[in-house]
Each structure stands twice: as structure tokens, then as C-alpha cells.
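Proteins get letters first, then strands, A, B, ... in listed order; numbering begins at 1 in each.
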Number of protein chains: 2
Amino acid sequence: MSTNPLLKGSLQTIILKLLEDNHQMYGYEITQKVKEVSEGEIMLTEGALYPALHKLEADGFLETFTQVVDNRVRKYYRLTEQGGKEVTSKMNEAQAFIEQLQTLLNLKPTTK
Amino acid sequence: MSTNPLLKGSLQTIILKLLEDNHQMYGYEITQKVKEVSEGEIMLTEGALYPALHKLEADGFLETFTQVVDNRVRKYYRLTEQGGKEVTSKMNEAQAFIEQLQTLLNLKPTTK
DNA sequence: TTATATACATAGTTTTCTTATGTATATAAA
DNA sequence: TTTATATACATAAGAAAACTATGTATATAA
């Protein structure tokens, strides 16, 4: 099982990337998608997800609309224009982060 | 410049790995080594480093001894036996973490 | 004498995540 | 019928990790 600290600061990036690839998603759907893609290893709990979504919305990266399906309310999230730019930025950051970590942990052959 | 959250929870792993590769190091030396290996991108600040070292020592993964060089005290850290096992465990964790992140962010070709 | 480098350390604050809890509906199982 | 599980949202309390700021002290270069 993954040592939580839920992907160590990468949650926002994961959410933004999922929304870039899927155009619109609701919270519960995101938790299931993460579970599916990670083959059950990563359980995105509500206590982590919803505050993160609310923050991204407050920061202007996401916009929302609600829809009722089977008498249950779904709150859909979509990238704003600013959010679209943010995905690119965060993805570059993530790529750089992974490379730095691999270098520091000697998980990559030295380039020189 | 790297968006700090200092390698997002990987600081302990980095320290342990450096100590595995170098047998013994003192705090300041670790900051310089990280700076060097990351080509100046990662500045490990004292506020992050020293508490991390103290915690690793309290957890029984590191042992210390001091030495005076040029009238300045250096506090050297070395892996304990338990620390040696911890490095292996943390490295596996880091490898899994990187793979999960790459999968979730679509930074790797799909395996199926 | 002032700034920078070396070398340690802690305090206060913020961010992020965890666990726990709460509301509510639908459906499958006992 | 009642209970558990799944779907769907949300917040509150607490812990962990990192940041910024500050403090002590010596050596050296400007």
C-alpha cells in the first residue's frame, strides 16, 4: 500500500491533469479514476480531495456546475482558461521534480 | 527555481541515501552536496534539514559524533544498522511513488 | 568593518494530508 | 425490514513536513 502523504504535494497537479484529459469530472468520479489508474494503490479520500478542489476553484483554475442524477447532486469541475495554463506549468514542475528526485536518489545513470 | 515544498516528503529518503553512499556526513556538507548534485536548483535550508536529521536520529536510523575542524564544531551523522534497512525500504517506496506519479500524470507510455 | 561562508539550532507559521464525522439517496444483502 | 455498501457532497480537528525568520559563533575575503 502506498505510504500516503497522498502523493506528497502532487494532488493539485493530478486533479488538473485529469480535468485536462477528461474535460469535466465530479469529485467522486475523480476518486474512482485515481483508484482505477493506480490499480487500487492510491485511495484519494474526501478529506484530501474536496478541500483541494475548493482551493483550485478559489484560485480561479476550476469552475463548477451541478447536475442531478438519480436524485443525487453531482458537482462537476472544469478547467478555466487560467487553469489550462496552470496544468502546463504544474506538469513541467512535476517533470522537473521527478528528475531531480531520481538524480538525488541515484535512480538514473549520471549524465556526465 | 524549484518550487520547494522541499522535494515533497522525500527529504528523509534523500538524507538516508546520501549517508549510505558517503558513510558519514555533517549537516552543512549535506546541504552543499544536494546543491551540487541538483546543479543549484535545490537549496536545502537549515529549517528543513536539522529537524529532519534530529528526527532520523531519534528514530534510531542515524548516530552522531562531533569533531572540531578550524575551531568550528561539525556534527557527523552515520547510518545505524536499522538505518541501513530503512534506506532500502525508503528507496523502494520512492521508486513506487515515482512510478505512480508518472502513471497518474500520463508521463509514461501505458503498459497495456 | 562589513559581507560571505561555514556550522549548528530552534521558534512560529503555513500547507497538506489524515482521520473522524456529518448529511443524504440508492441498492444489494441478510 | 434492516443493515451494509456504494454513491455524493462537505467540514473539523489534529499531525507532519516544510518555510521563513532568527539566534549563536568562527573564519576569511572585500
Side-chain angles (χ1 to χ4, degrees), chain A residues 1-16 24-36 40 42-59 62 64-77 90 93-94 97 100-101 104, chain B residues 1-16 24-36 40 42-59 62 64-77 90 93-94 97 100-101 104:
Chain A
M1 187 55 54
S2 73
T3 312
N4 271 347
L6 219 272
L7 288 194
K8 296 155 187 162
S10 303
L11 181 53
Q12 287 195 13
T13 311
I14 291 166
I15 292 171
L16 290 168
Q24 59 189 243
M25 298 181 86
Y26 57 97
Y28 187 75
E29 190 184 8
I30 293 175
T31 67
Q32 297 310 298
K33 187 74 181 173
V34 167
K35 188 177 172 183
E36 178 202 323
I42 296 162
M43 305 304 285
L44 213 184
T45 60
E46 298 100 318
L49 177 65
Y50 292 114
L53 285 171
H54 300 160
K55 182 170 194 313
L56 287 168
E57 189 186 3
D59 288 343
L62 303 184
T64 64
F65 62 95
T66 54
Q67 205 169 294
V68 176
V69 179
D70 288 328
N71 275 325
R72 284 198 228 87
V73 176
R74 286 181 185 172
K75 191 165 167 189
Y76 277 93
Y77 289 85
K90 288 268 192 192
E93 223 179 74
F97 162 59
Q100 289 289 1
L101 188 53
L104 282 167
Chain B
M1 187 55 52
S2 74
T3 313
N4 267 346
L6 218 272
L7 289 191
K8 296 156 187 161
S10 303
L11 181 54
Q12 287 195 13
T13 311
I14 292 166
I15 292 170
L16 290 168
Q24 60 189 243
M25 297 180 87
Y26 55 98
Y28 187 76
E29 190 184 6
I30 293 175
T31 66
Q32 297 310 298
K33 187 74 182 175
V34 167
K35 188 178 171 184
E36 178 203 322
I42 296 163
M43 305 304 286
L44 214 184
T45 59
E46 298 100 318
L49 177 65
Y50 292 113
L53 285 171
H54 300 160
K55 181 168 194 314
L56 288 169
E57 189 186 1
D59 289 344
L62 302 183
T64 63
F65 61 95
T66 53
Q67 205 169 294
V68 177
V69 179
D70 289 326
N71 275 323
R72 285 198 226 85
V73 175
R74 286 180 185 171
K75 190 165 169 188
Y76 278 94
Y77 289 85
K90 288 270 192 190
E93 223 178 74
F97 162 60
Q100 290 288 3
L101 187 53
L104 282 166

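Between B/Ile42 atom CD1 and D/dA18 atom C1' there is a gap of 14 Å when expressed in whole angstrom units. Remark: C1' of C/dT16 and CG of A/Leu56 are 13 Å apart, rounded to the nearest angstrom. Nucleotide D/dC9 holds its C1' atom 11 Å from the CG atom of A/Leu53, rounded to whole Å. In this structure, B/Glu29 places its CD atom 15 Å from C1' of C/dC8, rounding to the nearest Å. Between A/Arg74 atom CZ and D/dA10 atom C1' there is a gap of 18 Å when expressed in whole angstrom units. D/dA16 atom C1' lies 9 Å from atom NZ of B/Lys55, rounded to whole Å. In this structure, A/Leu44 atom CG and C/dT18 atom C1' are separated by 12 Å, rounded to whole Å. Rounded to a whole Å, the OH atom of A/Tyr26 is 15 Å from the P atom of D/dA6.
Sequence order on DNA chain D of the closest nucleotides to A/Leu49 and B/Pro51 puts A/Leu49 first from the 5' end. Along DNA chain C, the nucleotide closest to B/Gln32 and the one closest to B/Tyr77 are compared, and the more 5′ of them pairs with B/Gln32.
Between C/dA9 and B/Lys75, a contact under 4.0 Å exists linking OP1 or OP2 to a side-chain N or O. The side chain of A/Tyr50 contributes an N or O atom lying less than 4.0 Å from OP1 or OP2 of D/dC9.
Contact of the A/Leu16 side chain with the A/Leu62 side chain is registered, since non-hydrogen atoms from C-beta on lie closer than 4.5 Å. Between B/Phe97 and A/Leu101 the shortest side-chain heavy-atom distance falls below 4.5 Å.
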CA sep, side-chain torsions, deciding dist, call: A/Leu44, A/Leu11, side chain to side chain contact (heavy atoms under 4.5 Å, CB included): CA-CA 9 Å; A/Leu44 213 184; A/Leu11 181 53; 4.0 Å; yes

Audit row: B/Leu56, B/Gln12, side chain to side chain contact (heavy atoms under 4.5 Å, CB included) steps and yes/no: CA-CA 8 Å; B/Leu56 288 169; B/Gln12 287 195 13; 3.5 Å; yes

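In this structure, B/Tyr76 and B/Tyr26 have perpendicular ring planes: the angle between them is above 60°, well past the 30° mark.
Closest to the A/His54 side chain, of the nucleotides D/dT11, C/dT10, D/dA17, is D/dT11.
Between atom CD of residue B/Gln100 and atom CD1 of residue A/Ile14 there is a gap of 9.5 Å, rounded to the nearest 0.5 Å. The line from CG of B/Leu53 to CE of B/Met25 is 10.5 Å long, rounded to the nearest 0.5 Å. Between A/Gln32 atom CD and A/Met43 atom CE the span is 7.0 Å, to the nearest 0.5 Å. Considering OH of A/Tyr77 and CD1 of A/Ile30, their distance stands at 8.0 Å, rounded to 0.5 Å.
With a cut-off of 3.5 Å on both pairing distances, the Watson-Crick and G-U wobble pairs of DNA chain D assemble into stems of 3 or more at C:1-30 with D:1-30.
Note on A/Gly47: a base of the nucleic acid sits closer than 4.0 angstrom, heavy atoms only.
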Please list each protein N or O that sits under 3.5 Å from an N or O in nucleotides 22-25 of chain C, with the distance.
unit_1: C/dT25; atom_1: O2; unit_2: A/Arg72; atom_2: NE; d: 3.0

